[in-house]
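Please read through the structure below; I'll follow up with questions.
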Amino acid sequence: MNMEHIADSVFQLVARIPKGKVTSYKDLALGAGTHARVIGRILHTNVDPKKYPCHRVVHSDGSLAGGYVFGGPSKQQQRLEDEGVVFTSKHKITKDYFFHF
DNA sequence: TGTGTGACGATCG
DNA sequence: GCGATCGCCACAC
């Protein structure tokens with residue numbers, strides 16, 4: 001039960017997120033068996049936007065992370081909108097798009 | 001080994 | 001509703 005297993009679990013869960021849906025750091029943390037802060041650390045350490053849709057990971061309240069390194073939150077929002085996610089406010093979505101494992 | 005920091009969450013004012 | 005503070009775990013120095 002090391003951090004590699006945790007990271008692998010996180011990426012597996014991220015890959016399981018269906019198109020047009022998002023998930024929160026908390027859900028990933030509960031699914032991977034770690035804390036929400038670790039999720040952000042793992043995603044920031046393993047930068048693979050082509051393999052893992054890290055743009056589908058948002059805060060528990062539905063707001064974007066803001067630390068999206070692949071073009072900023074605007075890019076992340078645009079990508080989510082392209083997948084069918086509608087933003088109610090600036091960089092904020094409804095919990096209806098939250099995908100629970 | 002110990003301290004500080006961070007893609008966060010929840011609570012308090 | 002928003003800003004500030006504490007708590008959380010893993011990692012860098």
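Source: prediction; values computed, not measured. Chain A is the first sequence line, chain B the second, and so forth, proteins listed ahead of strands; every chain is numbered from 1.
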Parallel, tilted or perpendicular: ring planes of A:Phe11 versus A:Tyr52, cut at 30 and 60 degrees: tilted
Check: A:Cys54 and A:Phe70 side chains under 4.5 Å, non-hydrogen atoms: yes
A:Ser60 side-chain N/O to B:dA10 phosphate OP1/OP2 under 4.0 Å: yes
Between B:dA7 (C1') and A:Gln77 (CD): distance, integer Å: 17 Å
Distance in angstrom units between A:Asn46 CG and B:dG6 P, rounded: 19 Å
Watson-Crick or G-U wobble mate for C:dG1, both contacts under 3.5 Å: none
For atom CG of A:Leu43 and atom P of C:dA10, their distance in whole Å: 15 Å
Whole-Å distance separating the CZ atom of A:Arg41 from the C1' atom of C:dC8: 12 Å
Interatomic distance where CZ belongs to A:Arg79 and P belongs to B:dA7 [whole Å]: 20 Å
d(NE2, A:His35; C1', B:dA7) in whole Å: 14 Å
Validation row: A:Val14, A:Arg56 side chains within 4.5 angstrom (heavy atoms): no
Rounded distance (nearest 0.5 Å) linking atom NE2 of A:His91 with atom CG of A:Leu80: 10.0 Å
Sugar-phosphate only, base, or nothing, as touched by A:His59 at under 4.0 Å among non-hydrogen atoms: sugar-phosphate
Under 3.5 Å on both distances, the Watson-Crick or G-U partner of C:dC8: none
Given B:dG9, C:dA10, B:dA7, the nucleotide with the shortest approach to the side chain of A:Ser24: B:dG9
d(CG, A:Asp61; P, B:dT11) in whole Å: 13 Å
Separation of B:dT5 P from A:His44 NE2 (nearest whole Å): 17 Å
Pairwise side-chain contact, A:Lys75 with A:Arg79, heavy-atom cut-off 4.5 Å (strictly under): no
Residue mapping more 5' on DNA chain B - nearest nucleotide basis, A:Ile39 or A:Lys26: A:Ile39
